[in-house]
Amino acid sequence: MLRETHLNGIILLALLIVPLVALALNEPFIITLATKVTILALAGVGLNLALGQGGLISFGHAIFFGLGGYSMGILASHAQSFTPLMEAPFLIEGTNLMPVIWIVAIVVSCLAALLVGLLSLRTSGVYFIMVTLAFGQMFYYFAISWPAYGGEDGLVIFVRNEFPGLNTLVPIQFFGLCFAVLCAVLFFVSKLNKSAFGLALSGAHFNPERAETVGIDITRVRLVAFVISAGITGLAGALFADLNRFVSPTMFSWHTSGQIMIFIILGGVARLYGPIAGAAVYIILEHYLGAFSEYWQIYLGLILLFVVLFAQGGLIGGLSKREAAHD
Amino acid sequence: MTEPILSVRDVHKAFGALKASDGISLDLMPGEIHALIGPNGAGKSTLIKQIAGGLTPDRGTVHFEGREISGDTVYERARLGLGRTFQISALAMQFTVLENVVLGLVGESGSVFRFFRPVMKDPAYLERAHHALKRVGLQDHAQTKTAELSHGQRRQLEVAVALTLEPKAFLMDEPMAGLGAEGSKALTGFLRELKAEAPILLVEHDMDAVFALADRISVLVYGKIIATGSVAEIRANPEVRAAYLGDEEVEA
């Protein structure tokens, strides 16, 4: 059995090596798949902070994934058509610069999470799941019924947005960028988990009564965690939109929320690298089983059932020695 | 005259027709152990929740160090210096013993929103945490998973976590429960030492411990305090005998 930290290293290294090998073999599609895994893993890392570490089972993280996507879509479509978003009271123009889009995606997602969190964190358990799901559906139907940005058809962006010094249309370069973002976020979240805040967040999860009795305002701790978690998922949404050069209301749908949750469950709840393993397995299954049968999700369902029943630590838990899940 | 640290004044709380607190008044003076006894269903837990937070009295007030706290949340009261231990251990079972204690320190120091410094490597925290563990005799179990502790050790850890808050008053809900003779004897000695640091409002079923420790005893029956006094006074009080102690036990 491996130590969890070693297994994490192996997972990250594999994610880096596969596209490099694909590059050598001239298989750009594999690079695109690896990029997809990287971005979806990022969304999962975001949700895992709330769901795993904080025990907040959000069924509404598609809100932030979608907001990230639409931040990209709206800004880039305005840059594409050279029309400003608004002129009064001050001028806001579109942009095709990734760093600006990312910041907007993060800020918008965090603000939305603040609002959703303030309302939904009054509840817990099943009610929290339902309230977040309801918010998700509100955003979904809003996106469908807003014709200015494509409504049900979504928005097509013709050229991938730019990052200074890179040609983002070259698959391996875009992959490298996404991979770097993922590593930075992993570093940030691992610091967070080991900090006083991380301890308070898991404390509030494992025993809320205890956390309150030592003077911790657990609602505030959870709200901050929810907002950070949303910011990360929002960033992933912006990258995902850039990968596809397309955004649609599907990004907001509850299927998306469920999908991100599946990455976490497959990989291992509350394990920092769990969503990477989970997203990788999901994409591999989708690609290879999908080629074999249209109904590949039946097999996914069976695997998920197995994990939930027999291997609750997910892939990471199953393959590594037992370490504290909150480490 | 010295001011009470904790003062409960004419507190009422009803659940439907049931008056769980029916005009309770109670003081905790500096340096004392004030024991609260009463048969099951007397309203002890309801009173504790109104003191520690979680339940708001229908009427009446709770003052802590002269300040009204009746409307404050649990965590606000904790931050003011009300250290609480639970009847059924409320600990994060997945945490190590040390992590539970450090969680207490994080709450006490208000450093919850520190995002980058690794908290389990902070020497200031670790020193204080190990000190608290040593005081309750758990110094050899710092790295043990809390779930693996024995019942008695969990009680000790509860006290250690309460100590990290450097409380101005302790609120202890049946700390002796399930400890066994040896364990309750050790804890009795420890609490006697502790009261010099901060007074203790002690809810306890173990009468030997109560009579050995308490400076004053209040007897709660059906939501009312029927008597408050020294150990000797309570032992001699006929109403208390009838309601709770039973004649045989007192004579024995």
Side-chain angles (χ1 to χ4, degrees), chain A residues 49 52-55 110 121-122 184-229 231-232 269-272 312-313 317 321-327, chain B residues 49 52-54 72-86 88-96 98-122 125 143 145-147 157-158 160-167 171 173:
Chain A
L49 181 65
Q53 196 85 1
C110 287
L121 285 169
R122 293 156 174 270
V185 169
L186 285 173
F187 176 74
F188 168 74
V189 177
S190 79
K191 279 273 180 203
L192 197 74
N193 286 347
K194 286 179 185 143
S195 71
F197 179 75
L199 190 73
L201 182 61
S202 355
H205 172 196
F206 294 144
N207 198 323
E209 198 175 31
R210 163 54 57 203
E212 278 195 304
T213 313
V214 297
I216 293 170
D217 180 351
I218 57 173
T219 311
R220 242 177 96 193
V221 168
R222 286 173 174 164
L223 183 62
V224 171
F226 192 69
V227 167
I228 297 174
S229 151
I232 296 170
V269 177
R271 310 207 178 233
L272 183 56
Q312 291 204 346
K321 262 192 292 203
R322 184 77 208 155
E323 280 176 55
H326 55 269
D327 274 355
Chain B
K49 279 189 193 142
D72 289 354
T73 60
V74 174
Y75 68 84
E76 283 166 343
R77 296 181 206 210
R79 308 264 346 242
L80 289 174
L82 192 60
R84 183 183 182 192
T85 69
F86 291 85
I88 297 159
S89 298
L91 297 160
M93 289 299 162
Q94 297 89 332
F95 276 2
T96 64
L98 190 63
E99 282 170 330
N100 263 301
V101 181
V102 172
L103 180 68
L105 289 166
V106 167
E108 187 271 335
S109 59
S111 58
V112 172
F113 293 101
R114 272 193 207 153
F115 297 101
F116 294 104
R117 202 178 309 166
V119 69
M120 296 311 292
K121 287 180 185 152
D122 189 317
Y125 282 154
Q143 300 304 332
K145 274 264 151 20
T146 305
L157 180 54
E158 283 263 333
V161 175
L163 282 175
T164 60
L165 298 174
E166 291 176 8
L171 188 59
D173 196 356

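Naming convention: chains lettered A, B, ... in sequence-line order (proteins, then strands); numbering from 1 in each chain.
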Task: Contact class of B:Leu91 relative to chain A, heavy atoms under 4.5 angstrom - done: both
Task: Side chain, backbone, both or neither of B:Tyr125 within contact of chain A (heavy atoms, under 4.5 Å) - done: neither
Open item on the list: Parallel, tilted or perpendicular: which one describes the rings of B:Phe116 and A:Phe188, with boundaries at 30° and 60°?
Closed with: tilted
TODO: Please report the shortest heavy-atom distance between B:Val102 and A:Leu199, naming the atom on each side.
DONE: CG1-CD2, 3.7 Å
- [ ] Determine the minimum heavy-atom distance between A:Gly215 and B:Arg79, stating which atoms define it.
- [x] O-CD, 3.0 Å
Open item on the list: Counting only non-hydrogen atoms closer than 4.5 Å, does A:Ile228 touch chain B with its backbone (N, CA, C, O), its side chain (CB onward), both, or neither?
Closed with: side chain
Picking from [options], which has the most non-hydrogen pairs under 4.5 angstrom with chain A?
options: B:Ala162, B:Ala92, B:Ser109; value: B:Ala92
options: B:Leu103, B:Leu80, B:Val106; value: B:Leu103
options: B:Ala90, B:Gly83, B:Ala78; value: B:Ala90

Task: Inter-chain contacts: residues 219-227 of chain A against chain B, heavy atoms under 4.5 Å - done: A:Arg220, A:Val221, A:Val224
Open item on the list: Looking at chain B, which one of A:Ser190, A:Ser195, A:Pro208, A:Ala211 has the largest number of heavy-atom pairs inside 4.5 Å, strictly under?
Closed with: A:Ser195
TODO: Could you tell me which residues satisfy side-chain contact (heavy atoms from CB on, under 4.5 Å) with B:Arg117, sequence neighbours excluded, listed by chain and number?
DONE: B:Arg114, B:Asp122
TODO: With the side chain counted from C-beta on, respond yes when A:Asp217 and B:Val112 share a heavy-atom pair under 4.5 Å apart, and no when they do not.
DONE: no
Task: Side-chain heavy-atom pair B:Tyr75, A:Ile216 within 4.5 angstrom cut-off - done: no
Open item on the list: I need the B:Gln94 CD to A:Ser202 OG distance, nearest 0.5 Å.
Closed with: 9.5 Å
Task: Pairwise distance CZ(B:Arg84) to CD(A:Glu212) - rounded to 0.5 angstrom - done: 10.0 Å
Open item on the list: Could you go through B:Phe95 and A:Asn207, starting from their C-alpha distance and side-chain angles, then the distance that decides it, and tell me whether this counts as side-chain contact (heavy atoms from CB on, under 4.5 Å)?
Closed with: CA-CA 10 Å; B:Phe95 276 2; A:Asn207 198 323; over 6 Å; no
TODO: State whether B:Glu158 and A:Arg210 are salt-bridged, where the test is any N-O pair (Lys NZ or Arg NE/NH1/NH2 against Asp/Glu carboxylate O) under 4.0 Å.
DONE: yes
